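One structure is given here, and the rest of the page talks about it.
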Protein chains: 2
Amino acid sequence: MSQSEPLRISVVTEYSAIVRGLHAMLHRHESRVMIVDQDLDGDNPRQVDIALYDTFAQDQGGTGEVARLARHPRVGRVAVLTWNFDEELVQQALSRGASGYLARSLPAAALVDALERVHRGETVVSTPTGHGQVAGEWPGREEALAPREAEVLALITQGLPNTVIAAQTHLSINSVKSYIRTAYRKIGVTSRSQAVLWGVRHGFEPDRRRHRPVGGATIASL
Amino acid sequence: MSQSEPLRISVVTEYSAIVRGLHAMLHRHESRVMIVDQDLDGDNPRQVDIALYDTFAQDQGGTGEVARLARHPRVGRVAVLTWNFDEELVQQALSRGASGYLARSLPAAALVDALERVHRGETVVSTPTGHGQVAGEWPGREEALAPREAEVLALITQGLPNTVIAAQTHLSINSVKSYIRTAYRKIGVTSRSQAVLWGVRHGFEPDRRRHRPVGGATIASL
DNA sequence: CCCGGAGCCACCCTTTCGGGTGAACCCGCA
DNA sequence: TGCGGGTTCACCCGAAAGGGTGGCTCCGGG
């Protein structure tokens, strides 16, 4: 795999910080992979080798989205990048066309390896390494928010209630509330409304031009 | 008062829609009054004849702000434009230097009259006409929101809880909840978080460059 | 002159949120 | 090996929010 063109990877997410983080993370392997930041459904439809679906504040397992990407004429393979390793979710993603189900906790080199194997046609499923330190970047990292806290905040910034957040993240509602509590403390708010405002002012609003979800638990008419 | 320069009026509010509405309302009397849309504390400190403090989603009676304006070297007189005629509020405003306490429900001609009388040195207090139709404009008017509904929504968009909203508007908490209910129905949301999002997307965020309140019940550190 | 809309408020009830505590587990680091 | 932080969850409690109903006044238009 050494002397061919670098793999063209499109990161499917609504959060630019995710793309930036992955870009920075994989930059030192630019001879093997490159992040192409383009709209797959836009006017500039160049082929990408792998669509990397990041589940941050997204439908976990991306039921509809993974299938759509798998059918996408410009997309070679589909891989999911996540920290949720429910057997159910893994199977769902694979059955809908994903060739990779990769852990957020993977170090850069391992991630590149996995991507190359996916591109070769293998089906790569990370072993859930437990909960190691997570590399990369996410919205709110600078504000000392843990990934889960940031994720919950991102969903709050979409106006979702705790029950929906729990369903979408496959967490118990008690866990959701735990993350909310610690997140509130870190960002210095005491109510959901204030959290929403903090979110919109700190780039937690999903960038819907980047990728608009299909169906699912989103709020219409806003 | 017919053949002199038109009065220069600065509208003190955090909402551009308020300025636009007043501007449109008074436009046909431009020989007698003109709205100057400038930052009183900016680099362009031209004298204004009257600072017109609009209480929309603002500290009613504008305790500190009225006093500040009254002392302001570039401001001739201070008038309050409001729909709150609690005796307490009126006295407070007047004692802090306001020369006018004018009703939102005044038609354009009467408002111009009142402004001219204020400028001449009279102290003008509107008689609370009951609750007539309110002329002018306010954020959310196009969305069929009544003034009070819009006001409550504006305060929600600042992240304030109902108790604070009630205190700031001098309404009972039950009234606040009533307005919230009807407003939610009109804008099609079912939760405060969604209302906040609706607010930021429909220009309900205060424009703090326009005028930053002194003290009071605002949320710090957002 | 009645109706409807706006403003204002009260009482009720259920759901949601906010926050405190405690407790597992896994990890990396000192 | 112990500590801290992240992840996950449970239980509990009080406070806030959401929503329904009803009632009153004032106003303007048909």
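Source: prediction; values computed, not measured. What you see below is based on every heavy atom in this structure, not just the backbone, and it leaves out hydrogens, waters and symmetry mates. Reminder, nothing fancy here: chain letters follow the sequence lines and each chain counts from 1.
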Considering only nitrogen or oxygen atoms on both sides, find all protein atoms under 3.5 Å from nucleotides 16-19 of chain D and state each distance.
| unit_1 | atom_1 | unit_2 | atom_2 | d |
| --- | --- | --- | --- | --- |
| dA17(D) | OP2 | Asn162(B) | N | 3.1 |
| dA17(D) | OP2 | Asn162(B) | ND2 | 3.4 |
| dG18(D) | OP1 | Arg192(B) | N | 2.5 |
| dG18(D) | OP2 | Tyr184(B) | OH | 3.2 |
| dG18(D) | O6 | Lys177(B) | NZ | 2.9 |
| dG19(D) | N7 | Arg181(B) | NH1 | 2.7 |

Practice problem: Would you tell me whether Thr157(A) and Glu205(A) have side-chain atoms, one donor and one acceptor, within less than 3.5 Å of each other? | Solution: no
Exercise. Using distance alone, with no hydrogens and no angle criterion, decide if Glu151(A) and Trp83(A) have a side-chain donor and acceptor under 3.5 Å apart.
Key: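 A pair is found: one side chain offers a donor N or O, the other an acceptor, under 3.5 Å apart.
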Exercise. Look at Ser175(B) and dC8(C) and indicate whether a side-chain polar atom (N or O) is within less than 4.0 Å of OP1 or OP2.
Key: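 Ser175(B) to dC8(C) OP1/OP2: no side-chain N or O under 4.0 Å.
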Quiz item: Is there a donor-acceptor contact under 3.5 Å from the side chain of Gln168(A) to the main chain of Ile165(A)?
Solution: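 Not at all, since once roles are kept as given, no pair shorter than 3.5 Å links the two residues.
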Practice problem: Keeping the roles fixed (side chain from Lys186(A), backbone from Glu143(A)), state whether a donor-acceptor pair exists under 3.5 Å. | Solution: no
Quiz prompt | side chain to side chain contact (heavy atoms under 4.5 Å, CB included) against Ala150(A), all qualifying residues, sequence neighbours excluded | solution = Phe56(A), Trp138(A), Leu145(A), Phe204(A)
Quiz item: From the list dT7(D), dC9(D), dA10(C), which nucleotide is the closest neighbour of the side chain of Asn174(B)?
Solution: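 It is dA10(C).
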Self-check item: Selected nucleotide, minimal atom distance to Ser172(A) side chain, candidates dC9(C), dC8(C), dC9(D)
Solution: dC9(D)
Measure [atom1]/[X] against [atom2]/[N] and give the value in whole Å, please.
X         : N       : atom1 : atom2 : answer
Trp83(B)  : dG7(C)  : CH2   : C1'   : 11 Å
Arg148(B) : dC26(D) : CZ    : P     : 17 Å
His170(A) : dT8(D)  : NE2   : P     : 12 Å
Phe85(A)  : dT7(D)  : CZ    : P     : 14 Å
Arg104(B) : dG7(C)  : CZ    : P     : 11 Å
Glu151(B) : dA6(C)  : CD    : C1'   : 14 Å
Tyr179(A) : dG19(C) : OH    : P     : 18 Å

Quiz item: CE/Met34(A) to CG/Leu7(A) distance, rounded to the nearest 0.5 angstrom?
Solution: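 It is 10.5 Å, given to the nearest 0.5 Å.
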Self-check item: Arg28(A): partners by side chain to side chain donor-acceptor pair (under 3.5 Å), with sequence neighbours left out
Solution: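 With sequence neighbours excluded, Arg28(A) shows a side chain to side chain donor-acceptor pair (under 3.5 Å) to no residue whatsoever.
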Quiz item: Below 3.5 Å, does any donor atom in the side chain of Ser178(A) face an acceptor in the base of dC9(D), or the other way round?
Solution: yes
